[in-house]
A.B. asks: 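Structure in structure tokens, see below.
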Amino acid sequence: MSRYATKETEAKWQAAWADQKVFTAKIDPSKPKYYVLEMFPYPSGRLHMGHVRNYAMGDLTARYKRARGFNVLHPMGWDAFGLPAENAAMQNKRHPAEWTYANIDSMRAQFGQLGVSFDWERELATCHPQYFRHEQKMFLDFWKNGLAYRKKSYVNWDPVENTVLANEQVVDGKGWRSGAPVERRELNQWFLKITDYADDLLSAITTLDRWPDRVRVMQENWIGKSQGAQLNFALTEASRKPGFEAVEVYTTRPDTVFGASFLAIAANHPLALALAKTDSAAAEFIAECNRLGTSEAVIEQAEKLGYRTGLFVSNPFVPGQELPVYLANFVLMEYGTGALFGCPAHDQRDFDFATKYNLPIVTVVRPREADASYTVGTGPFTDDGVLLNSGFLDGLTVAEAKKAACEQIEKLGIGTVKTQYRLRDWGVSRQRYWGCPIPVIHCPSCGPVAVPDDQLPVTLPEDVTFDAPGNPLDRHPTWKHVACPTCGTPATRETDTLDTFFESSWYFLRFASPRAEEAFDKDAVAYWLPVDQYIGGVEHAVLHLLYSRFFTRALQQCGYVDMKEPFAGLFTQGMVCHQTYKSADGQWLFPTDVRQDEAGAFIEITTGQASTPGRVEKMSKSKKNVIDPDEIIGAYGADAARLFVLSDSPPERDFEWTTAGIDGAWRYVNRLWRLATEPAADKPLAAYGAALPDKIDGAADKLLRLTHKTIRDVTDGLEQFHFNKSVALIRELTNAAEDLTGTDAASAWVRRFALVSVIRLIAPMMPHVTEEIWAYLGHSPEGMLVNQPWPSFDPALTVDTNVTIALQVNGKMRGTLELPRDITQAAAETAALADASVQRALDGRAPKKIILVPNRLINVVG
RNA sequence: GCGGGCGUGGUGAAACUGGUAGACGCGCUGGACUCAAAAUCCAGUUCCGAGAGGAGUGUCGGUUCGAUUCCGACCGCCCGCACCA
């Protein structure tokens with residue numbers, strides 16, 4: 001029995017596709033275009049199984065759409081800036097560029113072995129000056145158009161590393177590498193004005209009808225629109241300070257102003273800072289808050305604390321009522337006005353605060369069914385209800401009272417109706433070397449000045465060291481010292497680089513014309529964009545996808561492109577998981593370090609000791625539950641690996657890698673190969689080009705009809721991203737083709753038709769073995785399988801002449817009947833009542849009613 | 001707490017708008033081939049029951065001739081958001 005030779009065959013076809021430039025995309029206005037894009041990878045050096053799954057799906061889509069007659073664009077590039085390169089530089093004394101480009105080379109080779117249909121002529125790497133020179137221009141254009149600005153902002157500062165940390169890099173309030181407590185520090189940072197587009201980004205979500213609901217919901221939550229009022233609480237005479245007449249607060253519950261019992265302001269609120277100058281206890285409290293860091297997880301865990309300032313404000317709705325002003329560690333300067341009023345009776349947090357500091361709790365909303373004597377008890381009442389103890393609002397519902405309160409606020413001239421967003425402007429400054437330099441020069445007399453066009457790109461100096469903490473750009477002896485482009489006096493370059501989300505916010509546009517002198521060739525963008533199908537992990541549901549949506553709008557505003565939504569269709573695939581194992585002393589073990597003994601117990605191979613199997617979790621280096629794609633491709637070939645990751649689970653769900661699963665896929669590859677090359681004596685295949693037999697009936701006719709049905713259903717499955725169902729249908733057809741015996745011409749012809757249909761349907765998943773079988777079966781004169789159109793089906797042959805109908809009595813299954821299609825009610829009744837099991841179940845009773853669902857079932861009610 | 005999703009054999013999962021639950025795969029059991037093993041092939045595999053038959057899609061209830069599917073209550077799991085004023 002011959003085994004299919006994966007290595008030689010896969011390499012052969014990969015070379016053939018490349019030689020004929022099969023996947024090179026060219027603009028062709030006569031054909032409909034289809035842009036398939038998988039999120040481009042960070043060049044870590046090796047593909048992991050998550051990549052294999054992601055790119056198997058993208059490649060399937062690209063190859064399928066090509067066969068359907070689309071002009072497909074399927075490019076690949078590298079998200080090449082980022083921290084790991086700097087970490088590697090520190091550990092291995094290798095320059096980040098050298099390390100990155102070497103990684104790109106090895107990953108490109110791995111993609112080649114997988115047989116993914118990329119157009120490599122469009123390859124780009126974001127760390128290349130020919131890429132980021134456009135990005136620097138964009139940044140400057142954003143600045144000119146008011147979409148980029150500089151402001152002081154609080155960051156997570158690692159005092160040992162001398163750098164800013166992202167929130168994810170802060171673990172338990174400490175730097176992930178240094179272990180030093182993270183500080184809140186105020187730095188001058190560049191921001192992009194994503195908030196300008198908050199409302200548009202939110203309302204346009206409804207147009208993204210080919211995006212998963214959950215991603216749309218996540219973006220809605222992230223933008224976090226709320227409607228409310230901004231209003232002033234005047235400071236009492238005794239509390240006034242120069243420049244502070246009142247405290248402005250934001251509220252979504254203007255209906256509860258009558259129930260206010262305190263004001264709370266952020267520790268870094270201007271009033272708090274003014275107060276700190278004369279009040280050392282307040283200054284102490286503020287310093288304590290700043291030690292907390294800015295990570296939301298940290299803030300959440302911290303105890304809610306207040307400091308009573310001794311200042312008072314007047315309640316604008318209750319003449320004469322004075323409310324104490326607190327500094328509070330839970331009030332965020334970044335949201336609203338950095339100040340709020342507390343209404344303990346109708347808000348959980350305010351209730352807790354009031355209880356802790358013994359503040360009054362005034363009930364101003366009662367449940368509809370309660371009477372006017374209602375007061376809140378052990379907790380706040382936060383539902384809808386009716387107002388009381390609230391002067392002109394009494395008797396109104398919450399919604400009516402909000403409206404009335406807002407009108408009153410505007411009439412009194414103390415505030416306005418205000419829509420607020422949770423979304424904040426995008427901070428893009430990073431104190432890092434391996435990123436795109438921000439093309440700005442700081443001049444002592446002119447301030448920040450744009451680097452002139454003819455001096456772009458600003459490139460990174462290569463002679464840098466990573467042996468000291470902090471930013472190598474900042475401590476480089478010469479790089480930052482330049483003359484001011486405006487006045488010529490000595491000035492310094494901006495030493496921060498851009499957040500790497502910047503590069504990934506426009507690469508999908510650059511792919512349309514990757515070698516164009518301008519950032520974008522207008523015709524190419526007009527033809528290829530938007531991306532028809534974007535595929536990637538759900539972990540990018542908010543940041544990358546929201547930034548890209550904003551960026552496209554910003555580019556439109558600056559005249560670069562004429563569109564605002566970059567991704568028409570989005571698919572988020574699940575993670576690749578694997579069982580974890582621990583050794584006897586509690587260390588993680590690689591799956592390859594563990595075997596099972598005869599009894600099924602897990603044994604650590606090197607020590608012979610028992611190993612404990614743990615949960616099935618996302619493959620990660622730290623838990624060692626990883627499988628190296630190279631080893632799998634070496635042992636089983638790319639086709640088996642691709643088939644397995646597509647066949648076992650719905651693509652949006654997590655996928656568990658198992659040895660048994662890849663074995664099963666491997667068996668199928670070989671089975672197909674044998675069916676084509678060594679058919680059994682009683683199961684011959686017709687010769688290439690054999691004429692359609694005059695008569696096909698019996699079992700051969702059934703297989704013929706099943707083949708047409710399968711072509712229809714597999715196509716539907718692929719259109720809907722139900723890859724696992726399509727695989728199941730193809731395997732079913734394979735089984736049926738193998739089950740048909742007979743050496744007659746009709747059987748041989750149909751058997752061949754079924755088998756050829758199988759390889760054509762599964763070719764987008766397993767492109768190599770199917771190409772080989774196609775050639776083996778004599779189709780070479782028609783050209784390669786990769787260039788064949790998608791198989792079509794004959795609707796007339798997707799229905800059977802006879803159908804199997806379920807037979808029920810009172811809704812319970814009593815058997816099945818083989819009947820001609822579309823029989824009449826009368827014929828169905830006769831057939832059903834003649835059935836022995838129906839008579840037994842009726843037990844002599846007369847049928848009251850007989851329900852016929854055409855070609856499906858007959859239900860006798862009796 | 002708010003929002004979204006999910007719960008089906010030993011296991012990954014199918015079942016279109018209510019109409020034969022468990023397709024397809026994995027595993028397992030038995031058999032064939034083999035000196036033997038691997039590979040391959042054949043048969044079986046939801047549970048109880050020898051059988052007829054009965055039960056069964058997280059739990060309880062409802063609608064219906066008929067419910068994995070629709071409605072109500074509950075239990076459990078996953079994901080996102082959250083001192084957001």
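Values in this document were obtained by computation on a predicted structure and should not be read as measured data. Heavy atoms only: backbone and side chains are in, while hydrogens, waters and symmetry mates are out.
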A.B. asks: With heavy-atom distances below 4.5 Å as the criterion, would you say the side chains of A:H578 and A:M619 are in contact?
C.D. replies: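 When only atoms from C-beta onward are counted, A:M619 and A:H578 do touch, with a gap below 4.5 Å.
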A.B. asks: Take atom P in B:C71 and the same atom in B:G5, then report the distance between them in whole Å.
C.D. replies: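 Rounded to whole Å, the distance is 12 Å.
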A.B. asks: Can you see whether A:N625 engages A:T580 through a side-chain donor-acceptor pair at a distance of less than 3.5 angstrom?
C.D. replies: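 No, because no side-chain N or O of A:N625 sits under 3.5 Å from a partner of the opposite role on A:T580.
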A.B. asks: Counting only side-chain heavy atoms from C-beta out, which of B:G4, B:C81, B:U20 sits nearest to A:W222?
C.D. replies: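 Nearest to the side-chain atoms of A:W222, counting from C-beta on, is B:C81.
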A.B. asks: Do A:F353 and A:F330 have ring centres separated by under 6.0 Å?
C.D. replies: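 Yes - the distance between ring centres of A:F353 and A:F330 falls below the 6.0 Å cut-off.
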A.B. asks: Between B:U20, B:C79, B:A23, which one does the side chain of A:A728 approach most closely?
C.D. replies: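 The closest nucleotide is B:A23.
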A.B. asks: Of the non-hydrogen atoms in A:A339 and A:I265, which two are nearest, and what is the gap between them?
C.D. replies: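 Smallest heavy-atom distance, with atoms named: CB-CG2, 3.6 Å.
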A.B. asks: Output the single nucleotide from B:G4, B:C84, B:C24 whose closest atom is nearest the side chain of A:L332.
C.D. replies: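 Of B:G4, B:C84, B:C24, B:C84 is nearest to the side chain of A:L332.
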A.B. asks: With P as the reference atom in both, quote the distance from B:U8 to B:G4 in angstrom, rounded to an integer.
C.D. replies: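 That atom pair is separated by 22 Å.
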A.B. asks: When you check the gap from the basic side-chain N to the acidic O, do A:K725 and A:D713 get nearer than 4.0 Å?
C.D. replies: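 A salt bridge is absent here (no side-chain N lies under 4.0 Å from a carboxylate O).
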A.B. asks: What class does the angle between the rings of A:H544 and A:H540 fall in, given that below 30° is parallel, 30 to 60° is tilted and above 60° is perpendicular?
C.D. replies: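 Because their plane-to-plane angle is over 60°, the rings of A:H544 and A:H540 count as perpendicular.
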A.B. asks: Side-chain donor-acceptor pair under 3.5 Å between A:Y421 and A:D199, yes or no?
C.D. replies: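 Judged by distance alone, the side chains do pair up.
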A.B. asks: Pick the C1' atom in B:A21 and in B:U57, then give their distance to the nearest Å.
C.D. replies: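 Roughly 8 Å separates the two C1' atoms.
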A.B. asks: Base, sugar-phosphate alone, or nothing: which one does A:V217 contact when heavy atoms must sit under 4.0 Å apart?
C.D. replies: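 Touches sugar-phosphate only.
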A.B. asks: CZ of A:F655 versus C1' of B:G25: gap in Å, rounded?
C.D. replies: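 Those two atoms, CZ and C1', are 11 Å apart.
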A.B. asks: Are the side chain of A:R814 and the backbone of A:R840 linked by a donor-acceptor contact shorter than 3.5 Å?
C.D. replies: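 Not at all, since once roles are kept as given, no pair shorter than 3.5 Å links the two residues.
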A.B. asks: More 5' along RNA chain B: A:G224 or A:H722, using each one's nearest nucleotide?
C.D. replies: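 Final value for this comparison: A:H722.
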A.B. asks: Reckon A:D213 touches a base, only the sugar-phosphate, or nothing at all at heavy-atom distances under 4.0 Å?
C.D. replies: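 Nothing: the residue A:D213, judged by heavy atoms under 4.0 Å, touches no strand.
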A.B. asks: In whole angstrom, give me the gap between the C1' atoms of B:U29 and B:A14.
C.D. replies: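 That atom pair is separated by 24 Å.
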A.B. asks: How would you list, by chain and number, every residue that makes a ring pair (Phe, Tyr, Trp, His ring centres under 6.0 Å) with A:F655, sequence neighbours excluded?
C.D. replies: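 Checked A:F655 against ring pair (Phe, Tyr, Trp, His ring centres under 6.0 Å); matches are A:F644.
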A.B. asks: For the pair made of CD in A:E220 and C1' in B:G3, what is the distance, rounded to whole Å?
C.D. replies: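 Distance check: A:E220 CD to B:G3 C1' gives 10 Å.
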A.B. asks: How many Å lie between CD1 on A:I223 and C1' on B:G3, as a whole number?
C.D. replies: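 Between C1' of B:G3 and CD1 of A:I223: 15 Å.
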A.B. asks: Between C1' on B:U20 and CG on A:D800, what's the gap in Å once rounded to a whole number?
C.D. replies: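 From A:D800 CG to B:U20 C1': 16 Å.
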A.B. asks: Could you check whether the rings of A:F571 and A:F723 sit parallel, tilted or perpendicular, using 30° and 60° as the cut-offs?
C.D. replies: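 Rings of A:F571 and A:F723: tilted, 30 to 60°.
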A.B. asks: Taking side chain as C-beta onward, heavy atoms only, is A:Y668 less than 4.5 Å from A:I730?
C.D. replies: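 Yes - at least one pair of side-chain heavy atoms lies under 4.5 Å apart.
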A.B. asks: Under 4.0 Å between any heavy atoms, over every strand shown, what does A:V331 touch: base, sugar-phosphate, or nothing? Just pick one.
C.D. replies: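 Touches a base.
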A.B. asks: Quick one: the side chain of A:N859 and the base of B:C65, do they pair up donor-acceptor inside 3.5 Å?
C.D. replies: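 Present.
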A.B. asks: Tell me whether the rings of A:F262 and A:Y326 are parallel (<30°), tilted (30 to 60°) or perpendicular (>60°).
C.D. replies: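 The arrangement is perpendicular - the two ring planes meet at more than 60°.
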A.B. asks: If the C1' atom of B:U59 is compared with that of B:A15, how far apart are they to the nearest Å?
C.D. replies: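 Rounded to whole Å, the distance is 23 Å.
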A.B. asks: Can you tell me whether the base of B:G9 sits syn or anti, using the 90° cut around 0 to define syn?
C.D. replies: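 Judged by the O4'-C1' to base torsion, B:G9 sits in syn, the angle falling within 90° of 0.
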A.B. asks: How would you label the contact of A:G664 with the nucleic acid (heavy atoms, under 4.0 Å): base, sugar-phosphate, or nothing?
C.D. replies: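 It contacts sugar-phosphate atoms only.
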A.B. asks: Please verify the inter-ring angle class for A:F233 with A:F341; under 30° counts as parallel, over 60° as perpendicular, anything in between as tilted.
C.D. replies: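 Tilted, since the angle between the ring planes falls between 30° and 60°.
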A.B. asks: Produce a footprint string for nucleotides 7-14 of chain B: one letter per nucleotide, 5' end first; B if the base is under 4.0 Å from any protein heavy atom, S if only the sugar-phosphate is, - if neither.
C.D. replies: -----SSS
A.B. asks: Of all heavy-atom pairs between A:A832 and A:L807, which one has the smallest distance, and what is that distance?
C.D. replies: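 Taking A:A832 first and A:L807 second, the nearest heavy atoms are CB-CD1, 3.7 Å.
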A.B. asks: Can you check the distance between B:A43 and B:C33, where both ends of the measurement are the C1' atom (answer in whole Å)?
C.D. replies: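 Taking atom C1' in both B:A43 and B:C33, they lie 15 Å apart.
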A.B. asks: A:W666 CH2 to B:A38 C1': how many Å, rounded?
C.D. replies: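 Whole-Å distance recorded here is 14 Å.
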A.B. asks: Expressed as a whole number of angstroms, how long is the span from A:K848:NZ to B:U64:P?
C.D. replies: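 Distance check: A:K848 NZ to B:U64 P gives 14 Å.
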A.B. asks: Give the C-alpha distance, both sets of side-chain angles, the deciding distance and a yes or no for side-chain contact (heavy atoms from CB on, under 4.5 Å) between A:I632 and A:M49.
C.D. replies: CA-CA 10 Å; A:I632 295 299; A:M49 277 301 170; 3.5 Å; yes
A.B. asks: With heavy atoms under 4.0 Å as the rule, sort A:T804 into base, sugar-phosphate or nothing.
C.D. replies: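 A:T804: base contact, heavy atoms under 4.0 Å.
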A.B. asks: Mind checking whether A:N329 and A:C289 have side chains closer than 4.5 Å, heavy atoms only?
C.D. replies: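 The answer is yes, as the side chains (C-beta and beyond) meet within the 4.5 Å cut-off.
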A.B. asks: With 3.5 Å as the limit, what N/O pairs link the protein to nucleotides 51-58 of chain B?
C.D. replies:
| residue | atom | partner | partner atom | Å |
| --- | --- | --- | --- | --- |
| B:G53 | OP1 | A:R840 | NH1 | 2.6 |

A.B. asks: In whole angstrom, give me the gap between the C1' atoms of B:U11 and B:C84.
C.D. replies: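 Result for the C1' pair: 45 Å, nearest Å.
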A.B. asks: Compare all side-chain heavy atoms of A:Q808 with those of A:L857 and state whether any distance is below 4.5 angstrom.
C.D. replies: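 Side chain of A:Q808 against side chain of A:L857, heavy atoms only: contact under 4.5 Å found.
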A.B. asks: Taking only heavy atoms on the protein side, list every residue of residues 730-742 of chain A lying under 4.0 Å from any atom of RNA chain B, sorted numerically.
C.D. replies: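 Listed by number, they are A:R731, A:E732, A:N735.
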A.B. asks: Does A:D213 come within less than 4.0 Å of A:R216, counting only side-chain N to carboxylate O?
C.D. replies: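 The answer is yes: the pair qualifies as a salt bridge.
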A.B. asks: Can you measure A:L857 atom CG to B:U20 atom P for me and round it to whole angstrom units?
C.D. replies: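 After rounding, the gap between these two atoms is 7 Å.
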A.B. asks: Report all interatomic pairs (protein N or O, nucleotide N or O of nucleotides 27-29 of chain B) with separations under 3.5 Å.
C.D. replies:
| residue | atom | partner | partner atom | Å |
| --- | --- | --- | --- | --- |
| B:G27 | OP2 | A:R667 | NH2 | 3.3 |

A.B. asks: A:N221 has an atom CG; how far is it from atom P of B:G5, in whole Å?
C.D. replies: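 Taking atom P of B:G5 as the reference, CG of A:N221 is at 13 Å.
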A.B. asks: Determine the Euclidean distance between corresponding P atoms of B:G76 and B:G58; express it in Å to zero decimal places.
C.D. replies: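 Comparing P positions in B:G58 and B:G76 gives a spacing of 16 Å.
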A.B. asks: Would you call the rings of A:Y4 and A:W673 parallel, tilted or perpendicular if under 30° counts as parallel and over 60° as perpendicular?
C.D. replies: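 Tilted.
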A.B. asks: Requiring both pairing distances under 3.5 angstrom, list the stems that contain RNA chain B and are made of three or more consecutive Watson-Crick or G-U pairs.
C.D. replies: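 Detected stem regions: B:1-7 with B:75-81, B:10-12 with B:24-26, B:27-32 with B:40-45, B:46-48 with B:53-55, B:58-62 with B:70-74.
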